[in-house]
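Down below is the structure, laid out as structure tokens.
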2 protein chains.
Amino acid sequence: MTAPLDPDMFDPLCPSSAMPFRVGDKWTGMVIRCLESGPRRFTELRVPLRAVTPKVLSETLRAMERDGLLTRTAYDENPPRVEYALTPLGRTLIPLLDAARAWSETHLPHLLAARRSHERDAS
Amino acid sequence: MTAPLDPDMFDPLCPSSAMPFRVGDKWTGMVIRCLESGPRRFTELRVPLRAVTPKVLSETLRAMERDGLLTRTAYDENPPRVEYALTPLGRTLIPLLDAARAWSETHLPHLLAARRSHERDAS
DNA sequence: AGCCCCGGTTACTTCAACGGTATCGGCGCT
DNA sequence: AGCGCCGATACCGTTGAAGTAACCGGGGCT
């Protein structure tokens, strides 16, 4: 068992939504970050990703499974238990996420400043 | 003047549309690649990006200008001339595009293979 | 009986991105 | 006069991702 996920891992105030790049669908990158440290259950993923409705999360997970980025393992227990785990292929995306994060830390403020100054022009 | 752009720089058969990441809007990454070697005119950009309608291209360019990724310079000549050039900020995205391309060359075939095998399951 | 848990699904709606076609203004060329 | 060039813009339609809200089944607990 790995440590619990921080509910504020993806602060709504985090400007990641303004990042000029994306891995897969809107939430794919965050799912990878959540699974980086080990397999997680559906409900466990919903904690840091509480902004994502179950429908969208399950769509995202099924798309990632289809693309071989993660595996879905259902255990025939009660209550039901399903675990999602990154595949080696999924893990190859982690360096890209790291690069994206590093870019954001360095350059995103410039981009946002440019955007704001254009908003001022328009007003 | 830089060398003319290859009309097949973005082959429609190129699986870039299946890439699991994106920089900005759909065409932002390709615009950066087009401007990497120097400023380009609107019509010049339309050659390799002939799959993009002028409307969408101009939207993309204006969004990038707003975000400080490129500059738009209009010369008061006849016929009109407008040049787009990457800013230093825009150039900082090039290493990310390189990383994305390297990932695709190495791993995209695996992803596409996984996707195809799932299609087989569904059929 | 009634409620909770887990891991979703279903139906409906909203919204922005994307795309297609047509058109514009100013000038020069023939 | 008519056409073409350049760099767009206007109008409209399509698409697909995302969001909202409600619900499901099977078992266990009280």
Side-chain angles (χ1 to χ4, degrees), chain A residues 1 4-5 10 12 16-31 34-35 39-67 70-85 115 122, chain B residues 1 4-5 10 12 16-31 34-35 39-67 70-85 115 122:
Chain A
M1 195 62 186
L5 294 168
F10 299 117
S16 63
S17 56
M19 261 204 307
F21 27 69
R22 233 213 229 177
V23 175
D25 287 338
K26 187 167 181 182
W27 306 106
T28 303
M30 295 184 189
V31 169
C34 289
L35 295 178
R40 298 285 184 182
R41 305 175 56 169
F42 189 85
T43 315
E44 229 173 336
L45 292 172
R46 295 209 57 199
V47 174
L49 297 170
R50 63 195 181 288
V52 191
T53 62
K55 174 198 156 230
V56 174
L57 181 55
S58 113
E59 281 171 359
T60 302
L61 291 169
R62 273 186 278 113
M64 293 177 70
E65 188 195 7
R66 171 178 56 84
D67 286 351
L70 54 77
T71 57
R72 179 185 180 278
T73 311
Y75 297 90
D76 196 8
E77 301 173 355
N78 199 280
R81 185 163 66 95
V82 178
E83 275 193 349
Y84 296 92
R115 187 176 292 183
Chain B
M1 195 58 189
L5 293 170
F10 300 118
S16 63
S17 55
M19 263 204 307
F21 28 70
R22 240 162 96 168
V23 174
D25 287 338
K26 185 169 182 180
W27 306 105
T28 303
M30 296 184 188
V31 169
C34 290
L35 296 177
R40 298 285 183 181
R41 304 176 57 170
F42 189 85
T43 316
E44 231 174 334
L45 292 172
R46 296 209 57 201
V47 175
L49 297 170
R50 63 195 181 287
V52 191
T53 62
K55 177 201 156 223
V56 174
L57 180 55
S58 117
E59 281 172 357
T60 302
L61 291 169
R62 274 186 278 110
M64 292 176 70
E65 188 195 8
R66 171 178 56 84
D67 286 351
L70 53 76
T71 56
R72 178 185 182 277
T73 311
Y75 298 90
D76 196 7
E77 301 172 354
N78 198 280
R81 185 162 65 94
V82 179
E83 275 193 349
Y84 295 92
R115 189 177 292 184

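In what follows, every chain begins at residue 1, and chains take the letters A, B, ... in the order their sequences are listed.
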Taking all heavy atoms of [X] and all of [Y], pick out the closest pair and write down the distance.
X: V52(A); Y: L57(A); result: CG1-N, 3.6 Å
X: L35(B); Y: Y84(B); result: CD2-O, 3.4 Å
X: E83(A); Y: P39(A); result: OE1-CB, 3.9 Å

Using a 4.5 Å cut-off on heavy atoms from C-beta on, say whether the side chain of [Y] contacts that of [X].
X: R46(A); Y: P54(A); result: yes
X: M64(B); Y: T28(B); result: yes
X: D67(B); Y: P20(A); result: no
X: M30(A); Y: L49(A); result: yes

Determine the contact category for [X]: base if any of its heavy atoms lies under 4.0 Å from a base atom, sugar-phosphate if only primed atoms, P, OP1 or OP2 are that close, otherwise nothing.
X: R46(A); answer: nothing
X: Y84(A); answer: sugar-phosphate
X: K26(B); answer: sugar-phosphate
X: T53(A); answer: base

What pairs with E65(A) under salt bridge (Lys or Arg N to Asp or Glu O under 4.0 Å), at least two apart in sequence or on another chain? none
Please list, chain by chain and in numerical order, all residues satisfying ring pair (Phe, Tyr, Trp, His ring centres under 6.0 Å) with F42(B), sequence neighbours excluded. none
List in numerical order all residues of residues 56-67 of chain A for which some heavy atom is under 4.0 Å away from an atom belonging to DNA chain C. S58(A), R62(A)
Side chain to side chain contact (heavy atoms under 4.5 Å, CB included) filter on K55(A), not counting sequence neighbours, yields T53(A), E59(A)
Heavy atoms of chain B, cut-off under 4.0 Å: which first and last nucleotide of DNA chain D, 5' to 3', fall inside that, if you could look? dC6(D) to dC11(D)
[atom1] of [X] versus [atom2] of [N]: gap in Å, rounded?
X: L49(A); N: dG8(C); atom1: CG; atom2: P; result: 14 Å
X: R81(A); N: dG8(C); atom1: CZ; atom2: C1'; result: 17 Å
X: E83(A); N: dG7(C); atom1: CD; atom2: C1'; result: 13 Å

Nucleotide-resolved protein contact map, nucleotides 22-30 of chain C, B/S/- at heavy-atom distance under 4.0 Å: -----S---
Residues R72(B), L61(B); criterion side-chain contact (heavy atoms from CB on, under 4.5 Å); working and verdict: CA-CA 8 Å; R72(B) 178 185 182 277; L61(B) 291 169; over 6 Å; no
Does R72(A) put a side-chain nitrogen or oxygen below 4.0 Å from OP1 or OP2 of dG7(C)? no
